[in-house]
Amino acid sequence: MKASFGFILFLGCLCLLPMVFTIWGSFIDAVGVMSLPPKVTAHYTLKNYATVFSRIDIRWIFNTLVLTIIVVVGSIIISVLGGYGLYLEQNKTLETILLASIVIPRYAIVIPQFLIIRYMGLTNTLLAAGLPLLVTPMHLLLAKTFFEQFPKSLIDAARVDGLSRFGALFRIILPESKHLIVALAVLKAVEAWGDFLWQYVVLSKTQKKTLSLGLISWIQNAGGSDVIKINPVGLSLTISVIMAIPFIVVYAAGSKYFIYELGGIE
């Protein structure tokens, strides 16, 4: 038992090591972050954070918040309604198709998605950045699995009392499904915040960029500037820390609901 715990602790420390290095490297100068082996007594500074924050456009933050809200709200509505429909109809063929679609890498269909977005005239809009994230097969199946824990006799009783199927969903099932909703919101918020590649494809105008796209584009395009020459690695690590903070906050806020959802209804 002690050996197993020690091995798990070792793996945990090994997984945390890159995060620790990232945080540590964001607070030191170029000499310290590039030294091998790393020096704990390096010169610590907040200059990296000051440089990055000075480059942040307030429009990037606003665009990120709007995109996240659009994706989270839209995805929850679609996932709940779709999962509820799968729960009522028990269509095995459709479930098989959804399961099969999970194994297809999302970025394998980026080109067809971009052509559709361009044909619709939505390039350089937050709607274009959010549309592909609204429907997630895994979330549909997650919602369907959650609803299966409610007996169908409950729906039948509600129908006898005069409620429609949607009425039973909104008045009986959804009030007891906050754990599902929070879990879906956490998963989708994290996905929307870090979806750099698709945002890079559809958002080219500076005023339309999100925070992740804006910062990463800046660090890539400023390769010849004096600012980047000062501490290129430190600035990159600082951006990584800044982009990771919302993930940690969102997960910490909804972790108990997320774990509850994975464990099912008690």
Side-chain angles (χ1 to χ4, degrees), residues 63-106 113 126-195 198 210 244-266:
N63 292 339
T64 302
L65 293 176
V66 171
L67 175 62
T68 302
I69 292 173
I70 292 174
V71 170
V72 169
V73 174
S75 176
I76 288 176
I77 293 174
I78 292 174
S79 298
V80 167
L81 294 179
Y84 184 61
L86 291 172
Y87 159 66
L88 292 178
E89 300 299 330
Q90 295 295 326
N91 191 320
K92 297 299 181 181
T93 301
L94 183 55
E95 290 181 29
T96 303
I97 294 174
L98 289 174
L99 285 171
S101 65
I102 292 175
V103 303
I104 300 175
R106 177 171 170 240
Q113 287 179 335
L126 295 179
L127 184 59
L131 275 178
L133 300 179
L134 293 182
V135 181
T136 304
M138 179 63 75
H139 292 186
L140 291 170
L141 295 173
L142 183 65
K144 184 250 185 185
T145 302
F146 183 90
F147 292 144
E148 284 179 342
Q149 299 174 83
F150 294 94
K152 283 195 174 182
S153 58
L154 188 65
I155 308 296
D156 295 335
R159 297 294 300 277
V160 171
D161 289 338
L163 290 178
S164 63
R165 286 186 170 183
F166 284 108
L169 172 65
F170 290 112
R171 297 186 61 178
I172 298 177
I173 294 182
L174 280 187
E176 301 297 328
S177 303
K178 62 180 180 179
H179 305 93
L180 169 69
I181 294 174
V182 173
L184 293 176
V186 169
L187 291 171
K188 192 53 68 173
V190 170
E191 185 179 1
W193 184 270
D195 191 29
W198 176 247
T210 60
I245 290 175
F247 297 153
I248 298 173
V249 172
V250 169
Y251 181 77
S255 60
K256 68 175 183 179
Y257 297 103
F258 184 72
I259 295 172
Y260 186 95
E261 160 62 9
L262 292 180
I265 298 177
E266 297 179 352

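In this chain, residues are counted from 1 in sequence order.
To the nearest 0.5 angstrom, Lys92 atom NZ is 10.0 Å from Leu99 atom CG. With rounding to the nearest 0.5 angstrom, the CG atom of Leu134 is 5.0 Å from the CD1 atom of Ile78. Leu154 CG to Glu176 CD: the interatomic distance, rounded to the nearest 0.5 Å, is 9.5 Å. Rounding to the nearest 0.5 Å places CD1 of Ile155 at 10.5 Å from OG of Ser164. The CG atom of Leu140 lies 10.5 Å from the CE atom of Met138; values are rounded to the nearest 0.5 Å. Once rounded to the nearest 0.5 Å, the distance linking CG of Leu174 with CD1 of Ile181 reads 5.5 Å.
Taking the charged nitrogens against the carboxylate oxygens, Glu89 and Arg165 do have a contact shorter than 4.0 Å, which makes a salt bridge.
Here the shortest heavy-atom pairing between Ile173 and Ser177 reads O-OG, 2.7 Å. Annotation for Ala129 and Asp195: closest pair O-OD2, 4.5 Å, computed over non-hydrogen atoms. Annotation for Ala192 and Leu133: closest pair CA-CD1, 3.8 Å, computed over non-hydrogen atoms. Taking all atoms of both residues into account, the shortest heavy-atom contact from Pro137 to Leu98 is CB-O, 3.7 Å.
For the pair Lys152 (side chain) and Tyr87 (backbone), a donor-acceptor distance under 3.5 Å is present. Looking only at distances, no side-chain donor or acceptor of Trp193 sits under 3.5 Å from a matching main-chain atom of Lys188.
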*For the pair Ile77 and Leu81, evaluate side-chain contact (heavy atoms from CB on, under 4.5 Å) and give the outcome as yes or no after the intermediate values.*
CA-CA 6 Å; Ile77 293 174; Leu81 294 179; 3.9 Å; yes
*Please lay out, stage by stage, how Lys144 and His139 fare under the test side-chain contact (heavy atoms from CB on, under 4.5 Å).*
CA-CA 8 Å; Lys144 184 250 185 185; His139 292 186; over 6 Å; no
*asked:* Between Phe147 and Leu86, does the side-chain contact (heavy atoms from CB on, under 4.5 Å) criterion hold? Intermediate values first, please.
replied: CA-CA 9 Å; Phe147 292 144; Leu86 291 172; over 6 Å; no
